[in-house]
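Structure first, commentary second.
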Amino acid sequence: MTPPNVYLVGMMAVGKTTVGRHLASRLGFIFHDTDQVIESRAGADISWIFELEGEERFRDREQQVIEELTLSEGVVLATGGGAVLRDENRALLRDRGIVVYLHSDVELIVERTRRDRRRPLLQVQDVRERIETLTAERGPLYESVAHLTITVDRRPPKAIAVDIHHLLKGMHGAGGIETVASVHRCAL
């Protein structure tokens, strides 16, 4: 039996892409990042799409990518921070694989995004306030969709991927996705 796909959710800059690459390598899965797929298909970066088409059109593109990639097998998918805003995306992720919420405190996100000019939602006067607002808005959505919650802190991405891999092996060995409910809220 093939282990289920793994979908990483969480705020921007928590390390979903880096952790996802390490995890995919450990699992022998293919890695995808929704933002990178969108940029590749559009031939433009996310900030340009936001500026020219608006957030709603970007979310349409994001939903289409999630619908497509969650139908594949053997996938680790890093989602954009706002992917959980749509009910449809949450349902697709939750129903088609194991969702891992990479949780981080606001301070680490602020530190990691301090000089980042590519994130359209952070092009504001008070970046900390925006991150706090986004975290408050999205946190409950991440929690509602997650099978596992991993606290990132300042741990190396490879160590986080190893932890996730061990948890997944335990879940898969104990009966697979059916046992997920009992592991929900497992925080490391």
Side-chain angles (χ1 to χ4, degrees), residues 6-21 23 31-39 42 44-67 69-70 76-94 97-155 157 160-161 164 184-188:
V6 180
Y7 309 126
L8 303 175
V9 300
M11 283 292 292
M12 63 184 84
V14 297
K16 296 182 300 285
T17 299
T18 307
V19 169
R21 282 195 174 108
L23 183 60
F31 173 75
H32 294 285
D33 178 294
T34 57
D35 287 350
Q36 291 172 0
V37 172
I38 292 166
E39 287 180 338
D45 63 20
I46 300 299
S47 59
W48 183 87
I49 296 168
F50 260 74
E51 184 178 324
L52 213 62
E53 298 181 356
E55 183 174 358
E56 192 63 25
R57 179 64 185 120
F58 170 77
R59 298 293 172 208
D60 292 342
R61 291 175 183 265
E62 182 177 59
Q63 183 176 339
Q64 180 182 4
V65 167
I66 290 171
E67 284 179 31
L69 293 178
T70 57
V76 172
L77 178 65
T79 63
V84 297
L85 294 173
R86 288 195 173 175
D87 293 337
E88 298 88 349
N89 291 345
R90 291 193 308 275
L92 288 169
L93 295 169
R94 180 100 180 139
I98 303 294
V99 181
V100 180
Y101 169 25
L102 297 184
H103 177 268
S104 175
D105 64 17
V106 169
E107 196 59 44
L108 182 62
I109 299 168
V110 169
E111 181 182 312
R112 288 182 175 177
T113 60
R114 184 177 21 237
R115 291 181 182 85
D116 191 339
R117 298 290 168 236
R118 298 177 317 116
R119 298 179 191 272
L121 294 178
L122 296 185
Q123 304 312 306
V124 295
Q125 195 75 355
D126 190 341
V127 172
R128 174 182 295 283
E129 181 181 324
R130 173 61 61 91
I131 290 171
E132 288 171 350
T133 300
L134 291 171
T135 300
E137 173 187 297
R138 296 174 179 180
L141 298 174
Y142 297 137
E143 290 173 6
S144 74
V145 74
H147 296 101
L148 300 170
T149 297
I150 306 292
T151 300
V152 176
D153 291 331
R154 297 186 187 284
R155 297 171 53 226
I160 296 167
I164 295 169
H184 188 67
R185 303 288 180 260
C186 177
L188 291 177

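Remember, predicted model here, so these are calculated numbers, not experimental data.
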E111 atom CD, over 12 foreign heavy atoms within 6.0 Å: yes

Applied to residues 99-110, the salt bridge (charged side-chain N to carboxylate O under 4.0 Å, His left out) test, sequence neighbours excluded, yields E107-R128

Quick one: does [X]'s side chain have a donor or acceptor within less than 3.5 Å of a partner on [Y]'s backbone?
X	Y	answer
T34	G80	yes
K16	L102	no
H32	L77	no

Heavy-atom closest contact ([X] atom, [Y] atom, distance):
X	Y	value
A83	N89	O-ND2, 2.9 Å
V145	R90	CG2-O, 3.4 Å
A146	Y101	CB-CB, 3.6 Å
A161	V19	CB-O, 3.8 Å

I need the [X] [atom1] to [Y] [atom2] distance, nearest 0.5 Å.
X	Y	atom1	atom2	answer
T18	L23	OG1	CG	12.5 Å
Y7	L69	OH	CG	8.5 Å
I46	E55	CD1	CD	11.0 Å

Do the side chains of [Y] and [X] get nearer than 4.5 Å, heavy atoms only?
X	Y	result
F58	D35	yes
V14	I109	yes
T17	F31	yes

Test applied, side-chain contact (heavy atoms from CB on, under 4.5 Å); reference residue, V65; option that passes from D60, V37, T70: V37

From T135, V106, V152, T113, residue fulfilling side-chain contact (heavy atoms from CB on, under 4.5 Å) relative to M11: T135

Salt bridge check: are R61 and E39 linked by an N-O gap of less than 4.0 Å? no

Got a salt bridge between R59 and E56, using NZ or NE/NH1/NH2 to carboxylate O under 4.0 Å? no

I'd like to know if the side chain of D153 pairs up with that of T151 as donor and acceptor (distance under 3.5 Å, no hydrogens or angles considered). no

